[in-house]
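Excluded from the calculations below are hydrogen atoms, water molecules and symmetry mates; all remaining heavy atoms, backbone and side chain alike, are included. Ligands are counted one by one from 1 in listed order, and the atoms in each one are counted from 1 as well.
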Amino acid sequence: MTFATEIDIPRELLRRFECAESVLVLTGAGISAESGVPTFRGGGNTAVWKGMPFDVISSASMVQRNLAAVWEWFDFRRGVLQSLEPNEGHRAIAQWERLVPELTLVTQNVDGLHQKAGSQSVIELHGNIWRARCTSCETRYAITPDEDRSDLCVSCGYPLRPDVVLFGELLPAGAFELAGERASSCDLCFVVGTSSLVYPAASIPEIAKAAGAYLCEINPEPTPLSHICDTVIRGKAGEVLPLISNQNKLSTATANQVNIR
Ligand code: OAD
C-alpha cells in the first residue's frame, strides 16, 4: 500500500486515472467539510441536536414519534446549508465527468453540493435534504431556500417528511444496486471523506476492490477501509482531488512533449 501526503500524489494513481475506462467515486460528509458543512462523527452542531444524538433524531422511529422534531432538525440543517457553496473537491469531481470515459459518482451526502458544483449524474444513497416526501403516497416535492416548505401532501393530504434515509430505513429503491453494479465493473475507485462505518454504503469500495479495481482513499484520518486500499492519501478532499486531475493533465503534457507515451 502507498501512503501519500497532501501534495504527493503517487504516480501509479495518476497513471491509473489517465488509463481508467470507468471510475467510481464514493463521497461522504468529509468532502463537504471544507464548504463548512459539519461532519457527523467529527463533533460540531449536527452530532447532537437538542440533547439527541444524530442517529436518534435522524431515525425512522423519531418520524413515528415526533415528526415535528425531525423537521425542526432538518430545517436547521438546511438553514446552515443554504449559504454554503461547493468547494474545489466537489468541482474537481464535476470536471472529471468530462475527463473520464465513464464516471459514477455515489454520495452519502444529502446536501446537494455535488449538483451545485455541476455534477450531472449523482447516485444519492441517503436522499436529499432539499426534497420532501409524502408519508403515504411518496410524492416528492422540491424544497427551495426562498419558499416556506409545506407540511402536507398536495395530492393526498398526508404529512410530508424529509426525503432522506434515516437510521432504521432502507435505501431508495435501486440506488445501492446501481452503485454496486458500477462498483463491480470500475477500474479505479476513490473513497473520499467518509468514515466507512455506515453500511451498506461502506460496502461499495469493498465490492470494487473484490472485483479487481484499484482503490484510493482520500481522508485526513484512518478508517476501517484504509487497510484494503492500494493508495491512501492523508489530506483534505478540496486540496487533493484537484491535484489528481491537474497533475494528470500536467504529466500528460510532459509525456507528450518528450514523446514517451
Ligand atoms: P462521518 O462524519 O462519519 O465521517 C466523515 C469523514 O470525513 C471522517 O472520516 C473524516 O476524517 C473525513 N474528513 C473530514 N474532513 C475532511 C476533508 N476535508 N477531506 C476529506 N475527508 C475529510 O460522515 P460519513 O462517513 O459521510 O447517514 O457518514 C456516513 C453516514 O452516517 C451519513 O451519510 C449519515 C450518517 O449517519 C445518514 O444520515 C443515513
Asp163 side chain vs Gly127 backbone, donor-acceptor pair below 3.5 Å: no

Proximal ligand 1 atoms for Ala29, defined as those under 4.0 Å from one of its heavy atoms: 23 (O), 24 (P), 26 (O)

Which of the ligand 1 atoms, numbered from 1, are nearer than 4.0 Å to a heavy atom of Glu221: 11 (O)

Considering only non-hydrogen protein atoms, determine which one is nearest to [atom] and report residue, atom name and distance to 0.1 Å.
atom: atom 18 (N) of ligand 1; value: Glu34 OE2, 2.8 Å
atom: atom 6 (C) of ligand 1; value: Gly193 O, 3.5 Å
atom: atom 28 (O) of ligand 1; value: Arg41 NH1, 3.1 Å
atom: atom 33 (O) of ligand 1; value: His126 ND1, 2.8 Å
atom: atom 25 (O) of ligand 1; value: Thr194 OG1, 2.7 Å
atom: atom 32 (C) of ligand 1; value: Phe40 CE1, 3.6 Å

For [X] and ligand 1, does the shortest N/O to N/O distance drop below 3.5 Å?
X: Gln108; value: yes
X: Lys236; value: no
X: Ser196; value: no
X: Asn109; value: no
X: Phe54; value: no
X: Phe167; value: no

Arg234/Glu221 salt bridge by N-O under 4.0 Å criterion: no

Salt-bridge criterion met for Arg161 and Glu169 (N-O under 4.0 Å): yes

How about [X] and [Y]: do any of their side-chain heavy atoms sit closer than 4.5 Å?
X: Ile244; Y: Ile218; result: yes
X: Phe190; Y: Pro205; result: no
X: Ile93; Y: His114; result: yes
X: Cys134; Y: Arg140; result: no
X: Val192; Y: Thr194; result: no

For Glu34, all residues meeting side-chain hydrogen bond (donor to acceptor under 3.5 Å, both in side chains), sequence neighbours excluded: none

Val165 and ligand 1 - part of the residue with a heavy-atom distance under 4.0 Å: backbone

The one among Ser35, Ser58, Ala33, Ala237 that brings a heavy atom closest to atom 20 (C) of ligand 1: Ala237

Arg78 to Trp73 six-membered ring, cation-pi geometry met (6.0 Å, 45°): no

Row check, Trp96 ring normal vs Arg98 NZ/CZ: under 6.0 Å, within 45°: no

Ligand 1 contacted by Asn219 (non-hydrogen, < 4.0 Å): yes

